[in-house]
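First the structure, in the form of structure tokens, and then the observations on it.
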Amino acid sequence: MSTASNPSTPATSTPVIGAHVDQADPVGEAQARGMGLVQFFLGDPQGYQGPEIAYPGGAAALREAAEAAGVDLYVHAPYIINVATTNNRIRIPSRKLLQKHLDAAAEIGAKGLIVHGGHVNKADDPAKGFDNWRKAIEAADLAVPLLIENTAGGDNAMTRYLERIAGVWAAIDGTEGADRVGFCLDTCHAHAGGNDLETVVADVLAITGRIDLVHCNDSRDDFDSGADRHANLGAGRVDPDLLAAVVRDAGAPVVLETPGDAQQHVADAAWLRERL
């Protein structure tokens, strides 16, 4: 996948804006919003059951329909995946579940699979989590790009703080498949996680060299609250100009994970476009 543009260089075109939708008919959901990009889960985001293709006709039919409609698909991995943990009863099933979702995402022609950075236990050295990420990447068959997302809360999180993100990237660097590991920047998570939105794009690019996707969300909570509660754009606690600046500087496709139905997503997309 292409890397993001340099934040010092203004974007030359408005990024593609999409939304997180229900997986039953993601192409139809994209068309209902007039969008060329959608993100969705494949199955239960809180379960270990594995991916499920709800689209009639299965993976091949979904891939064909998306290609015909010109809609880019992104898959969000289950929230419960935690490949960083030292608890083998969680880490090993997480790695297996991650691979299943990578494979399923490839089958439907997805542009990437987004996964949260996970966390270690309170008493653990964060370096153990970094090394577990290295092991996970080395063991994975990255049939599609794997986009690691920053998270909002937890002192033991792998991708809340910039120095932890740097630890993950340093551990992954040099592994086979490292070029298939990208970054998903969530604006609500960055704000709630205590990362300055004025500099976060440049800060992340200095660590990862790339931003492949932006989750553009406002936050219902204050800066550095550690709370992951999304709000519609302009209705939360994030400075509107900073939200737009992150999207503009990142130069990557955008997914709205804001509350509401298609009409609200259309309104959020219009709000964002007016400021780009």
Side-chain angles (χ1 to χ4, degrees), residues 20 41 45-46 48 76-95 97-98 101 112-137 140 146-173 175 178 181-197 199-201 203-208 210-231 236-238 246 250 255 257:
H20 185 92
F41 294 110
Q46 301 287 359
Y48 282 103
H76 200 303
Y79 297 130
I80 58 169
I81 288 178
N82 182 6
V83 301
T85 182
T86 58
N87 184 338
N88 285 342
R89 288 179 292 181
I90 297 175
R91 184 173 60 88
I92 294 172
S94 290
R95 282 172 50 171
L97 186 60
L98 180 65
H101 279 267
L113 176 73
I114 299 94
V115 65
H116 286 181
H119 55 87
V120 293
N121 295 323
K122 185 176 181 180
D124 289 333
D125 182 342
K128 294 182 178 179
F130 303 152
D131 196 50
N132 282 339
W133 258 112
R134 176 189 62 79
K135 293 175 182 176
I137 297 303
L146 179 65
L147 311 183
I148 302 176
E149 180 181 352
N150 62 307
T151 52
D155 291 338
N156 309 307
M158 290 288 96
T159 56
R160 173 179 180 177
Y161 302 111
L162 292 168
E163 60 267 26
R164 296 285 178 84
I165 296 172
V168 172
W169 245 258
I172 291 172
D173 186 41
T175 63
V181 179
F183 193 82
C184 174
L185 175 60
D186 188 300
T187 57
C188 171
H189 296 176
H191 165 86
N195 298 287
D196 188 350
L197 291 188
T199 62
V200 71
V201 170
D203 292 338
V204 168
L205 287 174
I207 294 167
T208 68
R210 58 193 289 173
I211 296 174
D212 299 82
L213 191 69
V214 174
H215 284 170
C216 186
N217 305 303
D218 211 327
S219 173
R220 292 167 58 186
D221 301 282
D222 291 332
F223 181 79
D224 205 20
S225 64
D228 183 5
R229 300 197 302 169
H230 297 185
R237 302 294 183 89
V238 181
V246 168
V255 171
E257 297 178 320

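Predicted model only: the values in this text are computed from it and were never measured.
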task = Decide yes or no on side-chain contact (heavy atoms from CB on, under 4.5 Å) for Leu146 and Ile137, but give the supporting numbers first.
result = CA-CA 9 Å; Leu146 179 65; Ile137 297 303; 3.8 Å; yes

task = List the steps and the verdict of side-chain contact (heavy atoms from CB on, under 4.5 Å) for Ile172 and Ile148.
result = CA-CA 12 Å; Ile172 291 172; Ile148 302 176; 4.0 Å; yes

From CA spacing to verdict: salt bridge (charged side-chain N to carboxylate O under 4.0 Å, His left out), Asp224, Arg160 = CA-CA 10 Å; Asp224 205 20; Arg160 173 179 180 177; 2.9 Å; yes

inquiry  = I'd like to know whether Val204 forms a side-chain contact (heavy atoms from CB on, under 4.5 Å) with Asn150, so could you lay out the CA-CA distance, the side-chain angles of the two residues, the decisive distance to 0.1 Å, and finally the verdict.
reply    = CA-CA 10 Å; Val204 168; Asn150 62 307; over 6 Å; no

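In this structure, the side chain of Ser94 engages the main chain of Asn82 through a donor-acceptor pair within 3.5 Å. Side chain of Arg164 to backbone of Asp155: a donor-acceptor contact under 3.5 angstrom is found. For Thr187 (side chain) and Asn217 (main-chain N/O), a donor-acceptor pair under 3.5 Å exists by modelled atom type. Judged by distance alone, with hydrogens and angles left aside, the side-chain atoms of Arg229 form no donor-acceptor pair with the main-chain N or O of Asp221 at under 3.5 Å.
Using cut-offs of 30° and 60° on the angle between ring planes, the pair His116 and Tyr79 is tilted.
In this structure, the separation between NE2 on His101 and CZ on Phe41 is 9.5 Å, given to the nearest 0.5 Å. Summarising the geometry, atom CG belonging to Asp203 is positioned 7.5 Å from atom CG belonging to Asp196; distances are rounded to the nearest 0.5 Å. The CG atom of Leu205 lies 11.5 Å from the OG1 atom of Thr199; values are rounded to the nearest 0.5 Å. To the nearest 0.5 Å, the span separating OG1 on Thr159 from CH2 on Trp169 amounts to 8.5 Å.
The shortest non-hydrogen separation linking Gly236 to Ala231 is CA-CB, 4.0 Å. Listed here is the closest heavy atom pair of Val246 and Val201: O-CG2, 3.7 Å. The heavy-atom pair separating Thr151 from Gly117 by the smallest distance is CG2-N, 4.1 Å. Heavy-atom minimum distance, Phe183 versus Leu147: N-CD2, 4.2 Å. Between Tyr48 and Pro93, the closest heavy-atom pair is CE2-CB, 3.9 Å.
Ion pair Asp131/Arg134 flagged as a salt bridge, since at least one NZ, NE, NH1 or NH2 atom sits closer than 4.0 Å to an Asp/Glu carboxylate oxygen.
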Identify all side-chain donor-acceptor contacts of residues 118-126 below 3.5 Å with residues at least two apart in sequence or on another chain.
| residue | atom | partner | partner atom | Å |
| --- | --- | --- | --- | --- |
| Asp124 | OD2 | Thr86 | OG1 | 2.8 |
| Asp124 | OD2 | Asn121 | N | 3.1 |
| Asp125 | OD1 | Ala127 | N | 2.9 |

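For the residue pair His20 and Glu257, no side-chain donor N or O sits within less than 3.5 Å of a side-chain acceptor on the partner.
Among the candidates His191, His189, His215, the single residue satisfying the ring pair (Phe, Tyr, Trp, His ring centres under 6.0 Å) test with His230 is His189.
Between Leu98 and Leu113 there is a side-chain heavy-atom pair separated by less than 4.5 Å.
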